[in-house]
Amino acid sequence: MIMHKLWASTYKEFLLLTRDLGGLAILFLMPLLLVITITIIQDGTFKTLKETKIPVLWVNQDQGEIAETIYEGLAKSNSLELIEETSEQEAQRLVFKGDYQLAIIIPKNLSKDLAKKVDENVNGMLAKFGLEEDSIPSNKRVISQKEVRLYFDPATQYTFKSAIKNGINQMIAKVETQSIYKAFQEQVSDDPSEVIFDTESFITFREISPEENTKALIPNSTQHNIPAWTLFAIFFIILPLSINMVKEKNQGTFVRLRTNPISYATVLGGKTIIYLGVSLLQFALMLLVGVYLFPSIGLPKLDISGKIPLLFLVAFFAGLAAIGLGLLLGTIAKSQEQSAPFGATFVVILAALGGVWVPVFAMPNFMQTLARLSPMNWGLEAFYDVFLRNVELSELLPEISLLFLFFIATAGLAIVYNERKNAV
């Protein structure tokens, strides 16, 4: 008997939904157009971060060993393209004009003065130990410090500035260290081919990733936008769901239902089944777009091999969370003017907090804490776990448990609120 009532409620919701062709178009076409547009726009940004080299002006006034070492180190970078310029003034003008983000100026006699400074220090140290026959000259020439000048575009981000300065500092420090070793080598040994000091770095760095192909762990535009805007589309169903509930209350449908031996939970159960099917269908269409349409228009293909069951599991619980929110909003709202604007605004807020538009790690600390309260963030993290980290079901349990508990809490509040309101 209960199953028959649930089926009747579900069929009623199906008829309501299919008769609203405009609403169906919004539910399915709007998310598809949105994810295609946003991915096309952001794909250039992702490629810039990964592949495109930033043009940098290079002014070499030294023409020595240090300049060559710095140039080779920067040239090996996958993010910088060095463009040689002869005039410091012209390089400064082009950077401050905004044509280039950076100009690197290597000062005159940098290599020669460094060699002299190292020789003086080495000779002085050996003299202290009695290994140098000649004493330190009293009229030793003072060699002034040299500075590598960096001109940055005023609009350049701080992180880019820090990365460039740190990289150049490391290269100069390495050259200085090797110069000191070389000076000691020449003073101590008569055989230039004899190796006394090993100048290779003793401490090195190696990146360890869960997969051998570390590129797979860096999300591209497709891997970011498909799960992010799928969640936005799924949570957007709270609008038609809450609006239909308000219509039923205003048209007296709920009053007629109350005269029948059917519980409010059964009514909500029918809505849950229909809109859960809508959510899963939305997700399936998004996957098809990522797998088949995106490669044909020059966007990265979405790799879902071996991940489909877990992906649909996450979409299932994300759909439940969205439906629970819609049921609560539709139960509390008294008019469409209340449910529609509030629902749309609330979805946008949840998307902003959840990292759909701006990654959570880029937010201030206070906003990162708030992001953990957004069900969209739970769903997005679960999708990232499947797409990028290849996790097992047990590792998804925290996120999908939160989504399920959110559904239980919101649906339960809707039932309690309805019962208390009708009891008055």
Side-chain angles (χ1 to χ4, degrees), residues 1-31 230-249 251 253-254 256-258 260-287 308-333 339 343 347 375-376 378-379 382 399-419:
M1 187 66 178
I2 295 179
M3 292 302 298
H4 176 73
K5 293 178 181 179
L6 181 61
W7 164 250
S9 177
T10 303
Y11 183 66
K12 184 262 297 181
E13 292 298 327
F14 176 77
L15 293 177
L16 269 176
L17 193 62
T18 53
R19 288 170 182 172
D20 185 6
L21 297 180
L24 285 176
I26 292 175
L27 282 176
F28 292 105
L29 294 181
M30 182 274 294
T230 293
L231 285 168
F232 185 83
I234 287 176
F235 274 82
F236 202 77
I237 66 173
I238 73 172
L239 267 73
L241 174 55
S242 60
I243 289 174
N244 283 342
M245 292 180 67
V246 171
K247 282 183 180 180
E248 289 178 340
K249 288 190 291 186
Q251 294 172 357
T253 304
F254 272 150
R256 291 194 295 271
L257 287 174
R258 288 180 61 190
N260 295 319
I262 183 173
S263 66
Y264 191 64
T266 303
V267 175
L268 298 188
K271 298 179 183 296
T272 300
I273 293 173
I274 288 298
Y275 282 94
L276 187 57
V278 171
S279 300
L280 295 178
L281 186 56
Q282 285 177 322
F283 181 59
L285 291 176
M286 288 287 200
L287 291 183
I308 294 180
L310 290 180
L311 288 174
F312 271 94
L313 181 67
V314 175
F316 177 86
F317 284 98
L320 283 180
I323 291 166
L325 185 59
L327 296 177
L328 180 59
L329 178 59
T331 301
I332 296 176
S339 62
V347 169
M376 280 200 195
W378 310 335
E399 287 91 354
I400 61 178
S401 297
L402 285 173
L403 291 169
F404 183 66
L405 290 175
F406 184 82
F407 166 71
I408 295 297
T410 49
L413 285 175
I415 295 173
V416 172
Y417 179 86
N418 179 74
E419 295 298 330

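The two residues Phe235 and Met376 come nearest to each other via the heavy atoms CB-CE, 3.4 Å. Of all heavy-atom pairs spanning Ser242 and Gly326, the tightest one is CB-O, 3.9 Å. What you find for Ala315 and Phe283 is that their closest heavy atoms are CB-CD2, 3.6 Å. Of all non-hydrogen atoms in Ile332 and Tyr417, the two that sit nearest each other are CA-CE2, 3.9 Å. Leu311 and Leu287 make their closest contact through CD1-CD2, 4.5 Å (heavy atoms, listed as atom of the first residue, atom of the second, distance). Across all non-hydrogen atoms, the minimal contact from Met245 to Leu268 is CE-CD2, 3.9 Å.
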Could you please spell out the steps behind the side chain to side chain contact (heavy atoms under 4.5 Å, CB included) verdict for Asn244 and Tyr275? CA-CA 12 Å; Asn244 283 342; Tyr275 282 94; 3.0 Å; yes
Determine, step by step, whether Phe406 and Leu403 satisfy the side chain to side chain contact (heavy atoms under 4.5 Å, CB included) criterion, reporting the C-alpha distance in whole Å, the side-chain angles of both residues, the deciding distance to 0.1 Å, and the verdict. CA-CA 5 Å; Phe406 184 82; Leu403 291 169; 5.6 Å; no
Walk me through it: do Phe312 and Ile308 pass the test side chain to side chain contact (heavy atoms under 4.5 Å, CB included)? CA-CA 6 Å; Phe312 271 94; Ile308 294 180; 3.6 Å; yes
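Summarising the geometry, atom CD1 belonging to Ile415 is positioned 11.0 Å from atom CG belonging to Leu328; distances are rounded to the nearest 0.5 Å. Expressed to the nearest 0.5 Å, how far CG of Leu231 lies from CE of Met286 amounts to 9.5 Å. Here OG of Ser339 is found 6.0 Å from CG of Leu329. Values are rounded to the nearest 0.5 Å. In this structure, CZ in Phe316 is found 8.0 Å from CZ in Phe404, a value given to the nearest 0.5 Å.
The one candidate from Leu241, Asn418, Thr410 that meets the side-chain contact (heavy atoms from CB on, under 4.5 Å) condition with Leu327 is Leu241.
Counting heavy atoms from C-beta outward, Leu402 and Pro375 have side chains that stay 4.5 Å or more apart.
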